[in-house]
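I have placed the structure first, in the form of C-alpha cells, so that the comments after it can refer back to it.
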Amino acid sequence: HAHVVVSGSHRSLSLLTKLVNLACAAGAIGYARRVFVTVPGPDSFLFNSLIKSCSKFGFPNDAVAFYRCSLLEGIPPSNYTFTSVIKACADLSASRLGRGVHAHALACGFGSDPYVQSALVTFYAKSGNLNVARQVFDKVGERTVVTWNSMISGYEQNGSAKEAIELFDHMRESGIEPDSTTFVGVLAACAQSGALSLGSWVHEYVMDNGFDLNVVLGTSLINMYARCGNVSKSREVFDSMRERNVIAWTAMISAYATNGYGNQAVELFEQMRLRGPWPNKITFVAVLSACAHAGLVDVGRHAFASMKKEYDVEPGLEHYVCMVDMLGRAGFLDEAYEFIEKEIPMEPPPAVWTAMLGACKMHKNFDLGVSVAEHLLDSEPDNPGHYVMLSNIYALAGRSDRVQRVRNMMIQRGLKKQVGYSIIEVDGKTYMFSMGDKSHPETNIIYEYLDELMLRCTQAGYVPLADSLMHELEGEEREYALRFHSEKLAVAFGLLKTSHGMTVTVVKNLRMCEDCHLAFKYISVVANREIVVRDKLRFHHFKD
C-alpha cells in the first residue's frame with residue numbers, strides 16, 4: 001500500500017479494490033474501511049467486491065453498511081450484490097432487513113436469479129421461516145446443487161430431519177448429483193432421526209465415488225454413526241481420516257462418551273494430549289461427560305483442573321454441569337452441592353440444579369432433592385418439566401399433599417407436560433410412536449406382541465419400578481401408561497419387523513424412564529436381541 005501511494009498509483013481503482021479485498025481476507029476490516037474512504041469515485045466493481053469480501057470473511061454488518069452506501073452513491077446493485085447482502089442478513093439473523101433486501105431484489109428484476117434465490121432459501125431457513133424458504137425453493141427454475149443444499153440444510157438445522165431426507169430423495173430422483181455439502185446436511189438429518197441405513201448408504205456412496213473424506217465430511221460420518229449407536233463404525237471412519245483436527249478428535253471422544261464407553265473416551269483424550277491438536281472447551285465437555293457416566297471421578301477432577309491450568313480454557317456452564325453430574329452420580333452429593341455454592345462464579349443456572357436433582361433422585365436423598373427442586377422453580381417458574389420432577393420427588397418422599405399442590409400450581413399456570421415420543425427406522429422408513437399410540441395400522445399386533453414380551457419378562461423376574469410410576473395417574477391409567485410407553489411400543493415394533501441378529505435402535509425425545517431401562521434389560525434377554533435407545537441425554541445399550 002505504501003509503495004502504491006509513493007509511486008502515484010493511489011488513484012488506481014483496480015489496485016485499491018485488490019487492496020481492500022486483501023484487508024478483508026486478513027481480518028483487517030478497520031484498515032479496509034480507511035482505504036475505502038480515500039477512494040475517489042468508487043465504482044460498482046469496488047462496491048460489489050467489498051460487499052462480497054465482507055460477507056465471505058465474517059463481517060456481515062460491514063457488508064450491509066457498504067450495500068447502503070452503494071445505494072446512496074447511486075450504484076446499481078447486481079445479482080452478486082444481492083447474493084452477498086442476503087447472506088450477511090442470514091448471518092445476522094436480521095429477518096426484517098433481509099425481507100427488505102428481498103423486496104429490493106424483486107424490484108430490480110433479480111427475483112428469478114438462481115444465485116439470489118439460493119441465498120434467499122438459506123436466509124429464510126436460518127430465520128426459521130421454512131414455509132417461505134420452501135416457497136422460494138419451489139419457484140426456482142433450474143435448481144443447482146447449491147439450491148438443493150440450501151433447502152436440505154435449512155430443514156436439518158430447524159430440526160425437520162424427515163423433510164430433509166425426503167427432499168434428498170427428490171433431489172436424487174431429479175438427477176442432480178450430490179456433493180460433499182449435500183452429504184453433510186443429509187448425515188446430520190440421519191443423526192437426528194436415527195436413519196442408520198441411509199447414513200450407511202451415504203458412507204458407501206462417498207467411498208465408491210472417490211469423494212475426499214475431509215474433516216467436515218469425516219466428522220459428519222462420525223457423528224451420524226455415534227448418534228445411531230454404532231461406535232465401532234465411528235472409530236473406523238476416524239481412523240481412516242488423513243487429516244484430523246480438534247473437531248474430529250472431539251467428535252470421536254464424544255461418540256464414546258454418549259454411548260457409555262467412558263474408558264475409551266478418556267484413553268482417546270490422552271492420545272489427543274500426546275499427539276493430537278490442542279483440546280478446546282467442547283473437548284472437555286465430552287471428556288467430563290464420559291467421566292460422569294463411567295464413574296471416573298478422579299480422572300474428571302484432574303481434567304477439570306487442567307482446563308485453565310494447562311490449556312488456558314476458561315470453564316463454562318457446560319463444564320460446571322458436567323462436574324455436578326459426575327459428583328452427583330458417584331454419590332458425592334455434599335461435594336456436588338458445595339461445588340455449586342463455591343466453584344460456580346455466576347448464579348447457578350437451571351441446568352446445574354437439574355443435574356443435582358437427578359443425583360438426589362438416584363441416591364434417594366429426598367430432603368436435599370426438595371430443596372434443589374425449589375431452586376429450579378425459582379430459576380424457571382414456567383418450565384413444566386421442573387414441576388413434574390418436583391412432584392416425583394415429593395411422591396418418592398411420601399408427601400402426597402405436596403404432590404397435589406404442585407399439580408394445582410401447574411394447572412393455575414396453564415402448564416402441561418411435554419409429550420414424549422419415540423422414533424424407529426425400519427427398511428428405510430421412519431415411524432413415530434407416542435404413549436398409548438394407536439395410529440399405526442398394525443396397532444393390535446404391536447400391542448399383543450408387547451404384552452407377550454412383558455409377560456415373558458415378568459416370568460423372568462421383571463417387576464415394574466415403583467419409584468418410576470407417574471404419580472399423577474391413578475390405578476388402571478397408571479398401569480396402562482407403564483405398559484405402553486412410547487419407547488416400549490417402538491422397540492416391540494422393531495423386534496417384530498427386523499430379522500434376528502439385527503440391533504433395534506430407537507430415538508426418544510425426552511429422558512427414558514427408569515422402568516423402561518429395567519424392562520429393556522429383560523426384553524433384550526427374552527428376545528435375544530441387542531437394543532439401543534438414544535434419549536435426550538445419552539445412549540443406552542442393552543444386550544443379552
Report task. Might you work through the side chain to side chain contact (heavy atoms under 4.5 Å, CB included) test for Leu450 and Phe493, ending with a clear yes or no? Result -> CA-CA 8 Å; Leu450 180 55; Phe493 179 70; over 6 Å; no
Query raised in the report: Does the pair Leu495 and Ile523 meet the rule for a side chain to side chain contact (heavy atoms under 4.5 Å, CB included), with working shown?
Result: CA-CA 10 Å; Leu495 291 171; Ile523 291 173; 3.8 Å; yes
Query raised in the report: Passes side chain to side chain contact (heavy atoms under 4.5 Å, CB included), Leu368 versus Met356? Steps please.
Result: CA-CA 9 Å; Leu368 181 57; Met356 188 71 213; 3.7 Å; yes
Query raised in the report: Checking ring pair (Phe, Tyr, Trp, His ring centres under 6.0 Å) for the pair Phe137/Trp148: CA distance, chi angles, key distance, verdict?
Result: CA-CA 8 Å; Phe137 175 83; Trp148 287 93; 5.1 Å; yes
Report task. Using the side-chain hydrogen bond (donor to acceptor under 3.5 Å, both in side chains) rule, take Thr258 and Arg227 through it: C-alpha gap first, then chi angles, then the decisive distance, then the call. Result -> CA-CA 8 Å; Thr258 54; Arg227 295 193 68 183; over 6 Å; no
Requested in this report: Kindly indicate, with the supporting measurements, whether the criterion salt bridge (Lys or Arg N to Asp or Glu O under 4.0 Å) is fulfilled by Arg134 and Glu163.
Outcome: CA-CA 11 Å; Arg134 186 59 192 255; Glu163 289 79 2; over 6 Å; no
Requested in this report: Kindly indicate, with the supporting measurements, whether the criterion ring pair (Phe, Tyr, Trp, His ring centres under 6.0 Å) is fulfilled by Phe433 and Tyr421.
Outcome: CA-CA 6 Å; Phe433 294 88; Tyr421 61 84; over 10 Å; no
**Report entry** side chain to side chain contact (heavy atoms under 4.5 Å, CB included) between Met207 and Leu213, worked out
**Finding:** CA-CA 8 Å; Met207 294 294 98; Leu213 194 62; 4.1 Å; yes
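Summarising the geometry, atom SG belonging to Cys516 is positioned 9.0 Å from atom CZ belonging to Phe542; distances are rounded to the nearest 0.5 Å. Rounded to the nearest 0.5 Å, atoms CG (Leu274) and CE (Met272) are 11.5 Å apart. The CD1 atom of Ile152 sits 10.5 Å away from atom NE2 of His170, with the distance rounded to the nearest 0.5 Å. With rounding to the nearest 0.5 angstrom, the NE2 atom of His500 is 4.0 Å from the CG atom of Asn528. Summarising the geometry, atom CD belonging to Glu514 is positioned 10.0 Å from atom CE belonging to Met512; distances are rounded to the nearest 0.5 Å. Between Gln192 atom CD and Ile165 atom CD1 the span is 8.5 Å, to the nearest 0.5 Å.
Salt-bridge annotation for Glu487 and Arg534: absent, with no side-chain N of the basic residue lying under 4.0 Å from a carboxylate O of the acidic one. Under a 4.0 Å N-O distance rule, the pair Arg456/Glu452 qualifies as a salt bridge. Salt bridge Lys281/Glu314: absent, no basic N to carboxylate O contact under 4.0 Å.
With contacts defined as side-chain heavy-atom distances shorter than 4.5 Å, the pair Tyr522/Thr458 does not qualify. Side-chain contact between Val266 and Cys291: present, with at least one pair of heavy atoms (C-beta onward) separated by less than 4.5 Å. Residues Tyr225 and Ser200 are in side-chain contact: their nearest non-hydrogen atoms beyond the backbone lie under 4.5 Å apart. Using a 4.5 Å heavy-atom threshold, the side chains of Asn263 and Leu296 count as touching. Considering only heavy atoms from C-beta on, Asn245 stays 4.5 Å or farther from Pro277 through its side chain.
At a cut-off of 3.5 Å, with distance as the only test, no side-chain donor of Thr430 or Lys162 sits close to an acceptor on the other residue. With 3.5 Å as the limit, one finds no donor-acceptor pair spanning the side chains of Thr505 and Glu425. Defined by atom type and a distance below 3.5 Å, a donor-acceptor pair is present between the side-chain atoms of Arg235 and Tyr256. Remark: the Asp515 side chain and the Tyr462 side chain contain an N/O donor-acceptor pair separated by less than 3.5 Å. Defined by atom type and a distance below 3.5 Å, a donor-acceptor pair is missing between the side-chain atoms of Thr219 and Arg244. Donor-acceptor pairing under 3.5 Å is recorded for the side chains of Thr122 and Ser150.
The shortest non-hydrogen separation linking Cys457 to Val526 is SG-CG2, 3.9 Å. Nearest heavy-atom pair, Ser234 versus Ala226, reported as atom, atom and distance to 0.1 Å: OG-N, 3.1 Å. Across all non-hydrogen atoms, the minimal contact from Asn223 to Ala191 is O-CB, 4.3 Å. Across every non-hydrogen atom of Ile446 and Leu489, the tightest pair is CG2-O, 3.9 Å. Across all their heavy atoms, Val186 and Val202 have their closest contact at CG1-CG2, 4.1 Å. Of all non-hydrogen atoms in Ala265 and Ile253, the two that sit nearest each other are CB-O, 3.7 Å.
By the 6.0 Å and 45° rule, Arg273 does not stack over the aromatic ring of Trp249. Stacking of Arg301 on the aromatic ring of Phe339 is not recorded, the 6.0 Å distance cut-off and the 45° axial limit not both being met.
Ring centroid separation for the pair Phe304 and His319 does not come in under the 6.0 Å cut-off. Aromatic ring centroids of Phe183 and His203 lie 6.0 Å or more apart. Taking the six-membered ring where the residue is Trp, the centroids of Phe284 and Tyr311 are separated by under 6.0 Å. Taking the ring centroids of Phe520 and His540, they lie at or beyond the 6.0 Å cut-off.
Within a 6.0 Å radius of CE in Met241, other residues, nucleotides and ligands contribute more than 12 heavy atoms. Residue-environment remark: CG (Asp427) stays at or below the threshold of 12 foreign heavy atoms within 6.0 Å. No more than 12 heavy atoms of other residues, nucleotides or ligands sit less than 6.0 Å from atom CZ of Arg511. No more than 12 heavy atoms of other residues, nucleotides or ligands shown are found within 6.0 angstrom of CD1 on Ile247. Counted within 6.0 Å of CG on Asn280, heavy atoms from surrounding residues, nucleotides or ligands total more than 12; the atom is thus considered enclosed.
Under the 30°/60° scheme for interplanar angles, the aromatic rings of Phe211 and Tyr205 are found to be tilted.
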